Amino acid sequence: MSGLFIAFEGADGCGKSTQLRFLAEYLEQNSVPVVRTREPGGSPIAEMIRDLLLDNSNAGMDAVTEALLYAAARAEHVRKVIRPALEQGKVVLCDRFILSSYAYQGYGRALGVELVRSINAPAVDDCLPDVTVFINVPPDKAFERMNALKQHDRLESEGLSFHKRVFDGFTELSRDSGMICIDAKGTKFETHEVIKQRLLPILKNAGVL
Ligand code: TYD
């Protein structure tokens, strides 16, 4: 039995974590076994790598070091959490996955998608999302939401031009197949309905619902 792997992606402050929670609650109410997880992190060692990556005192981190650390965290996460859950037939809802590396390190840090892809190949080991939900909120709007929140981490502290490059990357990459692009113009509840409607056929087709 194999489960279903769904990743949520988007700019910092786009509301993807809330949407992931809404979907998880909907699935759990329908007795679907769900694993909620996040990147960077999701397993003990990966959470330690997350602390390194997001620590503001590591402001001078080299871009390649950063890309390798995200991939190292992902290698742990795939092997310890994601793949075992999928093998048990569960639905894995992951807050960010490899698309974030393409957008942030590939575009934001200008390493290029090909280098980031090769760094990540041994980390993901072909364990890729069945579906990626991209919450399409432009960075200036996402920034407004984010600025209302508490302290910013190392990545969030990057300027608007970095986040614009990241967003252009996401937009470019979201044209790929297998990607569900959601224009989050309405309330968070309206966005949840849109996501649900787009995912229902996929969930039914996979025998999850
Ligand atoms: P996230 O957990 O979404 O931040 P928060 O919980 O504060 O909303 O992600 C942390 C940061 O890591 C975010 O700015 C995006 C960045 N990131 C990358 O640069 N590359 C990656 O591969 C991943 C997964 C995240």
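What you are looking at is a predicted structure, and each value in this text was computed from that prediction instead of being measured.
Residues satisfying the side chain to side chain contact (heavy atoms under 4.5 Å, CB included) criterion with Thr65, sequence neighbours excluded, are Met61, Asp62, Leu69. Applying the side-chain hydrogen bond (donor to acceptor under 3.5 Å, both in side chains) criterion to Arg154, with sequence neighbours excluded, gives Glu66. Partners of Asp130 under the side chain to side chain contact (heavy atoms under 4.5 Å, CB included) rule, at least two apart in sequence or in another chain, are Leu4, Phe5. Partners of His77 according to the ring pair (Phe, Tyr, Trp, His ring centres under 6.0 Å) rule, which considers only residues two or more places apart in sequence or in another chain, do not exist here.
Judged by distance alone, the side chain of Glu47 and the main-chain N or O of Gly42 form a donor-acceptor pair under 3.5 Å. The closest donor-acceptor contact from the side chain of Asn205 to the backbone of Pro201 lies at 3.5 Å or more, if one exists at all. One N or O on the side chain of Arg50 and one on the backbone of Pro40 form a donor-acceptor pair closer than 3.5 Å. The backbone N or O of Ile135 lies less than 3.5 Å from no partner atom in the side chain of Gln19, so there is not a single donor-acceptor pair. Formation of a donor-acceptor pair under 3.5 Å by the Asn58 side chain with backbone atoms of Leu54 is not found in this model. Using modelled atom types, one side-chain atom of His163 and one backbone atom of Leu155 make a donor-acceptor pair closer than 3.5 Å.
Atom CD1 in Ile6 sits 11.0 Å away from atom SG in Cys94 (nearest 0.5 Å). For the atom pair OG of Ser17 and CG of Asp95, the computed distance is 3.5 Å after rounding to the nearest 0.5 Å.
Counting only heavy atoms from C-beta outward, the side chains of Met179 and Leu99 approach each other to under 4.5 Å. Using a 4.5 Å cut-off on side-chain heavy atoms (C-beta onward), Phe167 and Val137 make no contact. Contact check for Leu209 versus Leu200: side-chain heavy atoms found under the 4.5 Å cut-off. A heavy-atom distance below 4.5 Å is not found between the side chains of Phe134 and Ile180. Side-chain atoms of Tyr107 and Val113, non-hydrogen and from C-beta on, do get closer than 4.5 Å to each other. Residues Glu39 and Tyr70 have side chains not in contact (no heavy-atom distance under 4.5 Å, counting atoms from C-beta outward). Between Val35 and Leu93, the closest side-chain pair of non-hydrogen atoms is not below 4.5 Å. Between Pro139 and Leu160 the shortest side-chain heavy-atom distance falls below 4.5 Å.
There is a side-chain donor-acceptor pair under 3.5 Å between Ser100 and Glu9. There is no side-chain donor-acceptor pair under 3.5 Å between Ser43 and Arg79.
Listed by first and then second residue, the ring pair (Phe, Tyr, Trp, His ring centres under 6.0 Å) pairs that reach into residues 175-209 are Phe22-Phe189, Phe22-His192, sequence neighbours excluded. Applying the ring pair (Phe, Tyr, Trp, His ring centres under 6.0 Å) test to every pair with at least one member in residues 40-63, sequence neighbours left out, gives no pairs at all.
In this structure, Arg109 fails the cation-pi test against Tyr104, since its NZ or CZ atom is not both closer than 6.0 Å to the six-membered ring centre and inside 45 degrees of the ring normal. Geometrically, Arg96 does not engage Phe8 in a cation-pi contact defined by less than 6.0 Å to the ring centre and at most 45° from the axis.
Using a 4.0 Å cut-off between a side-chain N of Lys or Arg and a carboxylate O of Asp or Glu, Arg36 and Glu28 qualify as a salt bridge.
The two residues Ala142 and Cys14 have their closest heavy-atom pair at CB-N, 4.2 Å.
Atom CG of Asp176 has more than 12 heavy atoms from other residues, nucleotides or ligands within 6.0 Å.
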